[in-house]
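Let me begin by presenting the structure, written as structure tokens, before commenting on it.
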Amino acid sequence: MLQEEYSDIRAAVRQLCQEFPGSYWRELDRERAYPTAFVKALTDAGWLACFVPEAYGGSGLPLSAGAAILEEIQKSGCNASACHAQMYTMGTLLKHGSDAQKEKWLPDIASGALRLQAFGVTEPTSGTDTLSLRTSARRDGDYYRVSGQKVWTSRAEHSDLMVLLARTTPKEAVARKGEGLSVLLVDLREARQQNGGKAMEIRPLRTMMNHSSTEIFFDDLKVPAENLIGEEGKGFRYILDGMNAERILIAAECIGDARWFIEKSSAYAGERQVFGRPIGQNQGVQFPIARAYAQTEAANLMVRKAAGMFDSGQRCGAEANMAKLLASEAAWAAAEACIQTHGGFGFAEEYDVERKFRETRLYQVAPISTNLILSYIAEHVLGLPRSY
């Protein structure tokens with residue numbers, strides 16, 4: 001079966017996750033705290049360095065292996081959102097970074113001495129209209145001076161490095177709309193201290209799930225020019241390169257969530273007795289779980305296809321987007337079935353259903369909304385007129 005791919009990796013990840021039961025996550029959720037111990041355990045085991053080449057201290061594994069890791073984390077009832085960005089932001093540095101940048105940053109990222117968890121792209125005025133972002137990076141000798149604002153920059157408070165997309169050429173001055181944006185690797189440790197802490201301000205955003213979300217304000221932040229990744233003005237293309245990986249990895253997480261919900265629902269439905277019989281004997285309870293299972297298996301096929309295409313170097317924009325669409329919808333169907341199966345107990349904290357219910361809902365909105373995926377498919381696959 002496809003689920004048995006990377007069986008050794010999956011088994012090791014499951015074993016690690018057993019050390020972090022529901023009680024651990026419930027406590028964090030109450031306090032909106034970061035799962036430091038969990039992230040450290042994943043780092044020490046080498047799972048967060050799975051994409052780093054062996055020459056820099058990592059495992060050099062393909063994307064499909066990373067997908068298996070994240071799926072198993074979610075399937076075990078844990079939450080990979082605290083650290084998954086390190087996997088999908090890694091590609092920008094790996095694919096477009098210079099040898100000097102890789103030698104400087106990758107070994108410490110692989111060892112866990114540095115955390116690459118923050119991804120500064122979205123802005124409050126432009127949202128997913130990335131080409132309209134306003135945060136600027138002006139070259140000044142050996143530095144870029146960054147001013148502007150980012151929002152929904154998760155884990156910025158718990159990261160040492162951030163991949164930042166900023167405008168280096170005004171939008172009205174570029175020949176093509178995809179030009180003029182550049183990628184900088186920002187050392188957040190230094191940025192927090194610059195100008196007495198006034199060059200960068202990080203403000204937490206409390207949300208319905210414990211996702212360590214923040215908004216960031218830059219006021220003439222100096223970033224060394226040597227931290228420019230690739231060529232100036234080509235950053236949008238670099239970010240797009242990584243978005244397929246992001247979609248596929250998030251889709252794998254959704255598959256893991258769906259499997260957790262289905263297992264939880266099935267077990268409860270077989271045990272819970274009402275009117276002298278298990279509730280799972282009723283088709284009204286059975287059918288939503290069975291349908292969610294079918295959706296999950298179908299979505300999993302698309303995730304595996306997209307990951308395989310990515311690993312073989314094929315163009316996979318459509319497949320990556322469809323994987324994320326189908327997997328997020330399967331996870332939400334499984335979540336709905338699970339909370340309905342549990343009835344009132346589904347809302348009780350101790351069952352973990354309500355926490356996972358909130359967590360999995362995010363992925364129909366982030367990292368890209370369902371509607372934008374449908375627009376992409378309509379235009380780029382079906383050839384329909386562009387809608388935006």
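Just so it is clear, the structure is predicted and the values come from calculations on it, not from any experiment.
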Spacing of CZ belonging to Arg14 relative to CD1 belonging to Ile73, to within rounding of 0.5 Å: 12.5 Å
Full working for side-chain hydrogen bond (donor to acceptor under 3.5 Å, both in side chains) between Ser312 and Gln314: CA-CA 6 Å; Ser312 63; Gln314 300 179 61; 2.8 Å; yes
Intermediate values then yes/no, side chain to side chain contact (heavy atoms under 4.5 Å, CB included), Leu185 and Val163: CA-CA 5 Å; Leu185 190 61; Val163 173; 4.0 Å; yes
Atom of Met87, atom of Leu48 and distance for their closest heavy-atom approach: CE-CD2, 4.3 Å
Phe345 side chain near Glu350 side chain, heavy-atom distance below 4.5 Å: no
Note, Leu61 side chain near Ile9 side chain (heavy atom, < 4.5 Å): yes
Neighbour count >12 (heavy atoms, 6.0 Å) for atom NZ, Lys305: no
Heavy atoms of other groups near Arg176 CZ, more than 12 under 6.0 Å: no
Rounded distance (nearest 0.5 Å) linking atom CG of Leu106 with atom CG of Leu94: 5.5 Å
Validation row: Glu232, Tyr144 side chains within 4.5 angstrom (heavy atoms): yes
Any donor-acceptor N/O pair, Tyr238 side chain to Gly97 backbone, under 3.5 Å: no
Gap between atom CZ of Arg272 and atom CD1 of Ile279 - 0.5 Å precision: 7.0 Å
Non-neighbouring partners of Leu131 that pass side chain to side chain contact (heavy atoms under 4.5 Å, CB included), sequence neighbours left out: Asp129, Lys177, Leu181, Phe236
Glu201 atom CD: more than 12 heavy-atom contacts under 6.0 Å: yes
Test side chain to side chain contact (heavy atoms under 4.5 Å, CB included) applied to Tyr88 and Met243, step by step: CA-CA 8 Å; Tyr88 58 72; Met243 285 184 174; over 6 Å; no
Carboxylate-amine/guanidinium proximity below 4.0 Å for Glu354 and Arg358: yes
Val285 and Pro278, any side-chain heavy atoms less than 4.5 Å apart: no
For Asp44, all residues meeting salt bridge (Lys or Arg N to Asp or Glu O under 4.0 Å), sequence neighbours excluded: Lys40
Flag, side chain of Ser111 to backbone of Asp108, donor-acceptor distance under 3.5 Å: yes
Leu63 side chain near Ile248 side chain, heavy-atom distance below 4.5 Å: yes
Heavy-atom side-chain contact between Phe20 and Ser76 under 4.5 Å: no
Closest non-hydrogen atom pair between Glu27 and Arg30, with its separation: OE1-NH1, 2.7 Å
Point-to-point distance, once rounded to the nearest 0.5 Å, from CG of Leu188 to CE of Met162: 5.0 Å
Heavy-atom pair of closest approach, residues Gly233 and Thr168: N-OG1, 3.9 Å
Gap between atom CG of Asp29 and atom CD of Glu349 - 0.5 Å precision: 7.0 Å
Tyr388 atom OH: more than 12 heavy-atom contacts under 6.0 Å: yes
Whether over 12 other heavy atoms sit under 6.0 Å from Phe217 CZ: yes
Residue pair Tyr6 / Ser64, side-chain donor-acceptor N/O under 3.5 Å: yes
Under 3.5 Å side-chain donor-acceptor pair for Ser81 and Asn79: yes
Sequence-distant partners of Asp352, salt bridge (Lys or Arg N to Asp or Glu O under 4.0 Å), two or more places apart: Arg26, Arg355
Value rounded to 0.5 Å, distance of NE2 in His84 from CG in Leu42: 12.5 Å
Check against side chain to side chain contact (heavy atoms under 4.5 Å, CB included), Val303 and Glu71: CA-CA 11 Å; Val303 175; Glu71 180 189 329; over 6 Å; no
Smallest separation among heavy atoms of Ser212 and Tyr34, with atom names: OG-CD1, 3.6 Å
Heavy-atom check, side chain of Glu297 versus side chain of Arg259, under 4.5 Å: yes
Ion pair check, Lys324 and Glu246, cut-off under 4.0 Å: no
Side chain proximity check, Thr135 to Lys150, heavy atoms < 4.5 angstrom: yes
Minimal non-hydrogen separation, Arg167 against Glu179, with atom names: NH1-O, 3.7 Å
Qualifying residue for side chain to side chain contact (heavy atoms under 4.5 Å, CB included) with Thr153, from Leu205, Thr122, Thr214: Thr214
Parallel, tilted or perpendicular: ring planes of Tyr268 versus His342, cut at 30 and 60 degrees: parallel
Residue pair Leu114, Arg189: steps toward the side chain to side chain contact (heavy atoms under 4.5 Å, CB included) verdict: CA-CA 10 Å; Leu114 289 178; Arg189 299 166 302 173; 3.3 Å; yes
